[in-house]
Amino acid sequence: MPQIELDDRQFNLPLDCNLLDGLLAAGVSVPHSCRSGHCQTCLLQSDQPLEQDDPACSNLSPEQHAEGWLLACQCWVSQNLILTSFDPTKSAIPALITGQTRLADDVIELRLQPRGPLRYKAGQHLTLWLDENLGRSYSIASLPEDDELAFHLRLYPQGAFSQRIQRMDNGQTIYLSGVAGVCHYDPDWHDRPLLLLARGTAIGMLHAIARDALKQGHSGGISLIVWQRSEASGYRHQQLTEWAAQHPQVTYLTTDDSQGDQLLRQRGLVARNAMALVCGSPAFVERQRKPLFMSGLARRQVLDEAFLGSH
Ligand SMILES: Cc1cc2nc3c(=O)[nH]c(=O)nc-3n(C[C@H](O)[C@H](O)[C@H](O)COP(=O)(O)OP(=O)(O)OC[C@H]3O[C@@H](n4cnc5c(N)ncnc54)[C@H](O)[C@@H]3O)c2cc1C
Ligand code: FES
């Protein structure tokens, strides 16, 4: 049985067992959320980097791999490991809470002022940590040149992060790590139609990507289409309507599950050279892929971000 040393504790875990599951079963409280390699809350650092193609490293940057980081939820134990926990209070960027605004009954905008250099593009995601045990991924709903870093957060009744952050005050510190994600504007798309399909809190990041595109001189059409359960469940509708009215190349539409596919077809929104960015719940992202491919978009023309919850 491989021996695992984590900080100052030692465990023997069965060969080929999942590292996160094994450590949790041994009573170690390893932070985690999605369990599918996307949120980077289960980061551990090995004294020796794993092979580059190990699944535990496949969603990490080359720099993270070189430093020995791995994702415990994607690691199957095949050898002895000497590991160190990720401590956001030491290794992540502190950020002050500068505001929280209620956007809907169950959605807030959280605004932060990072206290260190943070390089990111609108639409990428970060892990927000309240302490060394509680981190969650959120997508960036602001531009680097904005005064504050912003996120749209869904509040879940049992949500460990979303319930606790609401009780925190301006001026309190949280921690930021792991900027990642392919859903952001690329200046190479400057004259191509942009199709931004959002559900729920993905409105924030996709609106930020559209603002970024305009700022970078995008000359093609930009269609922001928001899926909502009902008119009452949407938010920012008035603000987005006014914003779209100020930009002749922007189309802003709302729709729902029963009308969405038809709307894309009828309005001829899926041009052959379009770039489509699809963000929201995993089910929404999965559902939108087929009509986009059926309309002739190639795989490289569709980028997505699924807002995976914790298990
Ligand atoms: C790359 C990435 C980007 C993300 N960006 C955003 C974002 O911009 N805005 C945002 O609001 N969320 C986003 N998420 C999702 C967010 O990280 C999760 O929803 C997170 O689990 C919420 O944390 P919590 O502590 O409030 O709830 P948790 O304590 O994690 O969950 C408590 C309970 O709430 C319910 N729940 C939590 N999350 C979900 C979910 N996503 N779907 C369905 N039920 C859920 C479940 O019943 C769960 O058992 C993103 C996720 C990923 C992986
Ligand atoms: S990446 Fe491992 S729990 Fe999300």
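Each ligand, and each atom within it, is numbered from 1 in the order the structure gives.
Remark: among candidates Ser33, Ala306, Ser310, Ser139, the nearest residue to atom 3 (C) of ligand 1 is Ser139, based on non-hydrogen atoms.
Comment: Asp147 does not engage Arg111 in a salt bridge, judged by the lack of any side-chain N to carboxylate O separation of less than 4.0 angstrom. By the 4.0 Å N-to-carboxylate-O rule, Asp257 lies close enough to Arg199 to be salt-bridged with it. Here Lys121 does not pair with Asp212 in a salt bridge; the nearest charged N to carboxylate O distance is not below 4.0 Å. Using a 4.0 Å cut-off between charged nitrogen and carboxylate oxygen, Glu242 and Arg236 do not count as a salt-bridge pair.
In terms of polar-atom proximity, Ser137 is counted as a contact of ligand 1, with an N or O under 3.5 Å from an N or O of the ligand. Looking at Phe307 next to ligand 1, an N or O pair under 3.5 Å apart turns up.
One finds the CG atom of Asp54 at 7.0 Å from the OG atom of Ser78 (value rounded to the nearest 0.5 Å). The SG atom of Cys57 sits 9.5 Å away from the CD atom of Gln64 when rounded to the nearest 0.5 Å. Annotation: the span from Thr201 atom OG1 to His152 atom NE2 amounts to 8.5 Å, rounded to 0.5 Å. Expressed to the nearest 0.5 Å, how far NE2 of His218 lies from NE2 of His247 amounts to 13.0 Å.
For the ligand labelled ligand 1, residue Met205 lies outside the 4.0 Å heavy-atom shell. In this structure, Phe151 falls outside the shell of residues with a heavy atom less than 4.0 angstrom from ligand 1.
Here Cys34 has no heavy atoms under 4.0 Å from ligand 1, in either its backbone or its side chain.
Below the 2.8 Å limit, atom 4 (Fe) of ligand 2 has as protein N, O or S neighbours Cys34 SG, Cys39 SG.
With sequence neighbours left out, the side-chain hydrogen bond (donor to acceptor under 3.5 Å, both in side chains) criterion links Arg164 to Asp131.
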